[in-house]
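Just the heavy atoms: all of them, side chains too, but no hydrogens, waters or symmetry mates, feed the values below. None of these values were measured; they are calculated from a predicted model.
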There are 2 protein chains.
Amino acid sequence: MSASEQPMRVLRPEKTLRELALEKMRDAIVNMHFRAGERLVERDLCDQLGVSRTIVREVLRHLESEGLVAIQQNRGPIVAETTPEEARQIYEIRGVLEGIAAKACAIQKDPAVVAELERILARIRAAYAANELAAVLSATTDFYRTLFENSGRHVAWGIVNSITARINHLRSMTIKTPDRDKQGPAQMQKIIDAIKAGDGAAAYEAANVHVTNAAAIAEALLAEQQGAKAR
Amino acid sequence: MSASEQPMRVLRPEKTLRELALEKMRDAIVNMHFRAGERLVERDLCDQLGVSRTIVREVLRHLESEGLVAIQQNRGPIVAETTPEEARQIYEIRGVLEGIAAKACAIQKDPAVVAELERILARIRAAYAANELAAVLSATTDFYRTLFENSGRHVAWGIVNSITARINHLRSMTIKTPDRDKQGPAQMQKIIDAIKAGDGAAAYEAANVHVTNAAAIAEALLAEQQGAKAR
DNA sequence: CCGCATATTATGGGATACCATAATATCACT
DNA sequence: AGTGATATTATGGTATCCCATAATATGCGG
């Protein structure tokens, strides 16, 4: 059969308007094109996105369930503010979830995955060296995605992805921290080493340490901000 | 002051129609008033819920983001089916999240929380004895809610709550299993004991074991079903 | 000029009616 | 029987309504 290799399916990427609007809005919020706490007036968003109010409302509801938008009684949606305490909780959750993904990878011990992770880590180091912080962030996301998807942890990846969006501003701050360009990659290397060794417990630990470390940096930065404000 | 104790606030539970519809729909799906995979025709739901299509659409979108509804290209929403593999992942996630909540409780070691947990566990035992399975489920949910909320893990509780909805049918099956009426409460007692002793690691382990056990039972039941179908 | 009551406006919550299109079902013809 | 044309159903999406309420502006009496 000529079609046995390539299943010849006619795929259609045709996303709905709603999905496009959702991505645009999520992107806008995550990249802070709105101030935290800013009101999101439905009719204004209709103009800005060029879609009807129906769509805007569906999108806002969706983002609410992701925690990026908060809807207050009779006042409508605003950009959700993530408190330091919530950020702490989010880092804690990421710590254990990334831990189990890393552990699962270690147990599988797939050389292809190890190679992929090493390629991505090289990209991260290069991005740090070139001081391209956006590239650091996206490559780091790739690193974790690889961990999750290759161990079949799709549900967990969905959760991590969703909650990480709420602390994106902290992520971009932590990677700018002095020495993080060495510490971060070093910790990720440990994850890879543990996977290569097939050591599940060590992989869990290494992934957990990496997140816990980022959490500590973020907490320090927030405390500093708080201090500066009180001054 | 006569009003000092009871702050005399005129609270308004005034939920929006949308929220009411959302709860009704979620309830209907979780309690399997729809078959898995069944199409959810918007206009029909309008009639059944007595609300406009606007609301129904927002609700369906919301439930999609919770994973209870799946929306397929140009065919509209259907009741999402949770595969055995997804169920496995969900149990794994619950295992670690309930673990960290239990651990946090153990570190706090609050006698009031311990007392509360023991009250709830007594209710669970009573419900098992009376063979009131719905009461077992709701009390078990209370047990875990107590663990999460009293350790301030609100974000994690939200996640657990949401993913647990997707395996509700398995939950009601596992608690019917022979011996689960003894094993389950015994494992929960271990969690309480560890908290009482302030032993974080033991509390994590006990909570994790409880969930892992439920997962194993569910997996066995699913395998059995599969076998029966193939017969 | 201040305090209060009263418009006014902005906006959300919700409902309808409508259109275009895709998927499906029906049917008629050869 | 199988092909093609047609009708039906339902989604994706839009445009407007209406009403209730929160915030703001306005105005008036002292």
Atom [atom1] of [X] to atom [atom2] of [N]: distance rounded to whole Å?
{"X": "Asp47(B)", "N": "dA15(C)", "atom1": "CG", "atom2": "C1'", "result": "14 Å"}
{"X": "Ile71(B)", "N": "dA10(D)", "atom1": "CD1", "atom2": "P", "result": "17 Å"}
{"X": "Gln73(A)", "N": "dA20(D)", "atom1": "CD", "atom2": "P", "result": "17 Å"}
{"X": "Glu42(A)", "N": "dT16(D)", "atom1": "CD", "atom2": "P", "result": "17 Å"}
{"X": "Lys15(B)", "N": "dG13(C)", "atom1": "NZ", "atom2": "P", "result": "15 Å"}
{"X": "Ile78(B)", "N": "dA10(D)", "atom1": "CD1", "atom2": "C1'", "result": "15 Å"}
{"X": "Asp44(B)", "N": "dA10(D)", "atom1": "CG", "atom2": "C1'", "result": "10 Å"}
{"X": "Gln72(A)", "N": "dG13(C)", "atom1": "CD", "atom2": "P", "result": "10 Å"}

- Got Val160(A) and Tyr144(A) here, is their nearest side-chain heavy-atom distance under 4.5 Å? no

Checking contacts here: which listed nucleotide ([options]) is nearest the side-chain heavy atoms of [X]?
{"X": "Leu17(A)", "options": "dG13(C), dT14(D), dG12(D)", "value": "dT14(D)"}
{"X": "Ser52(A)", "options": "dA15(C), dT14(D), dG12(D)", "value": "dT14(D)"}
{"X": "Arg53(A)", "options": "dG13(C), dG12(D), dT14(D)", "value": "dG13(C)"}
{"X": "Asn74(A)", "options": "dG13(D), dG14(C), dT21(D)", "value": "dT21(D)"}

What does [X] touch in the nucleic acid at a heavy-atom separation under 4.0 angstrom: a base, only the sugar-phosphate, or nothing?
{"X": "Leu60(B)", "value": "nothing"}
{"X": "Arg57(B)", "value": "base"}
{"X": "Arg18(A)", "value": "sugar-phosphate"}
{"X": "Arg43(A)", "value": "base"}

For the pair [X] and [Y], find out whether any cationic side-chain nitrogen is under 4.0 Å from an anionic carboxylate oxygen.
{"X": "Arg119(A)", "Y": "Glu116(A)", "answer": "yes"}
{"X": "Glu64(A)", "Y": "Arg18(B)", "answer": "yes"}
{"X": "Asp27(A)", "Y": "Lys24(A)", "answer": "no"}

- Tell me whether the OP1 or OP2 atom of dA10(D) has a side-chain N or O from Arg75(B) closer than 4.0 Å. no

- What pair of heavy atoms forms the shortest contact from Gly95(A) to Val211(A), and how long is it? N-CG1, 3.7 Å

- Note on the structure: Comparing Ile55(A) with Gly76(B), nearest DNA chain D nucleotide closer to 5' gives the residue Gly76(B)

- Hey, which of these two, Arg39(B) or Glu58(B), hits DNA chain C nearer its 5' end, going by closest nucleotide? Glu58(B)

- Look at the side chain of Thr54(B) and the base of dA15(C), then say whether one donor and one acceptor between them are separated by less than 3.5 Å. yes

